[in-house]
**Q** 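Below you will find the structure I want to go over with you.
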Amino acid sequence: MPRRLRRGCAVPKAVWSVAVALFVALVACGSCLAQGVVPRVTYVDPIAGFTMDIPEDWSVQAAEYGLYIISIDAGSGAGICIRQPVVWFFESAKPPEAAARELAEGLSYAWGSPAEVRATGNGGEWEVTMSTLDELGTLLNRFLFRQERGRNYCVAAFSRPEIAEQFREDLRTVFATCRLVDRPATQIIKEPKYNAYRMTLPVGWRWEGEVIWARLVPGYFTWKVQSPDGSLGAFSSPPALFNVTTPYMPPSQCAQAIVVPGLRQYLPDVRLEDVHELPRFGAYSAGLLKAFGISDSARVDKAWGDFVGTAGGRQVRVRATMASFMIGSSPLLGGRGDWFFVTCGAWAPVEEFAQQYPLCRAVVSSLVTDQQFRINQMAAVTEVILGKDIKNSDGSKRHVRGMADTRDYWSGQWISKYIRR
């Protein structure tokens with residue numbers, strides 16, 4: 001994809017950093033969001049080594065230490081458990097019973113109340129459940145530890161009580177369908193200039209990329225990876241930034257106006273075959289920005305696009321994840337505002353696409369931002385979101401006992417102890 005980086009009107013850096021937090025890895029309070037009817041799809045991840053059936057607007061993203069996050073905003077690197085559940089997958093360092101008992105003990109210590117642990121009766125499966133209290137209220141936690149193909153793994157789900165029933169069937173399906181799959185031989189590459197991130201690629205694949213340091217999108221990752229013969233691969237393109245002089249376009253319009261011209265340098269005869277919109281993601285993201293007091297007029301849209309063209313004498317399909325984002329609009333300007341468009345995707349020969357796309361998509365999901373790089377990048381977001389006191393209904397500041405100690409324990413000791421890297 002060509003570089004289409006344009007400067008827009010001046011916007012506070014912290015506000016635009018929120019946009020980066022939502023979408024830098026995508027290319028992804030209050031009352032419950034209406035779920036509607038969202039079909040489920042079978043997600044297969046050969047790099048992580050698992051498969052499960054999830055709602056079609058959920059995504060998967062690797063985190064630290066071999067943890068994978070599955071949620072509506074996982075692709076943004078967020079995984080915020082507020083209006084929707086968050087699911088985890090990881091391979092466990094110990095067999096199911098030992099892992100479950102040790103986790104229950106650790107959770108009880110960290111949160112000051114007992115966790116329940118039991119054998120489910122489903123083979124050698126063990127379950128840990130617990131209700132915890134964080135800055136946003138009660139959180140329901142469920143972990144299922146299993147052994148399969150000589151490998152130990154866990155699938156876990158976290159949800160708020162007010163949304164648990166709404167997503168009950170989705171979570172039940174996740175637990176019922178999560179299985180292990182074969183993995184290819186892989187290699188880990190690290191972004192060489194800034195140590196910004198790492199990715200897991202099949203052995204022999206090539207990587208190229210850069211980190212963009214534009215004022216409005218600091219530290220944006222652009223990259224391309226491909227198999228030795230170039231027939232399979234994945235990419236993340238530079239963002240297209242627009243100011244108020246350009247009317248906002250959802251992905252269905254950007255696909256033809258921006259993506260097709262960009263792909264023509266690789267596929268001269270490329271054509272747009274289909275766009276599939278994911279409306280719940282936009283409503284969810286805009287709702288979060290409003291709930292955090294950032295914007296009452298944000299517009300967010302996400303979609304998949306399928307493009308077909310000829311490369312090297314073969315028909316190639318490119319499937320792109322596309323997102324448009326406008327943090328605020330002006331009634332005086334007819335609802336216009338500064339906005340940007342981001343995209344990432346994968347390609348494979350048309351006749352092999354169904355078989356090869358899961359591998360290419362899994363490479364996209366394997367990207368993990370370096371912890372220190374992410375901390376520096378998110379400093380402005382922390383100031384805007386986490387730096388704001390969370391209030392009780394009477395306006396007083398909400399206090400949760402031991403929250404700092406609990407957070408340190410959870411993010412440090414627990415992950416490094418229980419997840420097999």
Side-chain angles (χ1 to χ4, degrees), residues 1-28 73 75-78 210-223 235-266 270 272 275-279 281-290 294-305 307 318 320-345 377 380-381 384:
M1 297 287 288
R3 181 173 300 175
R4 295 180 58 90
L5 188 61
R6 305 180 182 180
R7 294 192 180 275
C9 296
V11 179
K13 181 179 178 182
V15 174
W16 273 105
S17 295
V18 174
V20 173
L22 286 172
F23 297 111
V24 70
L26 172 64
V27 223
D73 53 0
S76 66
E210 62 178 327
V211 178
I212 295 178
W213 293 102
R215 178 173 61 88
L216 298 182
V217 281
Y220 193 96
F221 306 151
T222 65
W223 47 265
F235 66 91
S236 173
S237 289
L241 300 180
F242 303 94
N243 61 27
V244 295
T245 62
T246 303
Y248 177 89
M249 292 188 295
S252 56
Q253 293 178 256
C254 292
Q256 189 66 53
I258 298 177
V259 182
V260 166
L263 289 174
R264 280 193 180 133
Q265 63 179 300
Y266 307 106
V270 69
L272 174 62
V275 173
H276 182 74
E277 297 180 351
L278 303 170
F281 178 86
Y284 167 85
S285 301
L288 283 186
L289 292 172
K290 183 175 182 179
I294 297 170
S295 174
D296 290 335
S297 59
R299 182 169 179 183
V300 185
D301 293 285
K302 181 181 177 183
W304 300 326
F307 306 82
V318 180
T321 299
M322 307 174 294
S324 300
F325 178 82
M326 181 167 65
I327 200 167
S329 59
S330 170
L332 298 178
L333 297 174
R336 294 190 182 192
D338 291 355
W339 63 282
F340 71 98
F341 172 75
V342 291
T343 182
C344 75
Q377 187 185 52
V381 180
V384 171

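Heavy-atom basis, side chains included; hydrogens, waters and symmetry copies ignored.
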**Q** What is the distance from atom CD of Glu277 to atom CE of Met322, rounded to the nearest 0.5 Å?
**A** 9.0 Å
**Q** Measure the spacing between CZ of Phe325 and CG of Asp301 and express it to the nearest 0.5 Å.
**A** 11.0 Å
**Q** I need the minimum non-hydrogen distance between Leu272 and Ala255, along with the two atoms involved.
**A** CD2-CB, 4.0 Å
**Q** Drop me the distance from Ile258's CD1 to Phe341's CZ, to the nearest 0.5 angstrom.
**A** 5.5 Å
**Q** Side chains of Pro239 and Ile212: closer than 4.5 Å at any heavy-atom pair?
**A** yes
**Q** Are the side chain of Trp304 and the backbone N or O of Leu278 linked by a donor-acceptor pair below 3.5 Å?
**A** no
**Q** Do Val211 and Phe221 have side chains that get closer than 4.5 Å, going by heavy atoms?
**A** yes
**Q** With a 4.5 Å limit on heavy-atom distance, are the side chains of Thr321 and Lys302 in contact?
**A** yes
**Q** Is it the case that the side chain of Ser324 and the backbone of Met249 share a donor-acceptor pair, with hydrogens and angles ignored and the cut-off at 3.5 Å?
**A** yes
**Q** Can you tell me how far apart CZ (Phe307) and OH (Tyr266) are? Round to the nearest 0.5 Å.
**A** 14.5 Å
**Q** Tyr284 versus Val300: any side-chain heavy-atom pair under 4.5 Å?
**A** no
**Q** Please examine the side chains of Asp338 and Ile327, heavy atoms only from C-beta on, and report whether any two atoms are closer than 4.5 Å.
**A** no
**Q** OG1/Thr222 to CZ/Phe235 distance, rounded to the nearest 0.5 angstrom?
**A** 12.0 Å
**Q** Locate the shortest heavy-atom distance separating Pro251 from Ala303; write the atom from each residue and the value.
**A** CB-CB, 3.8 Å
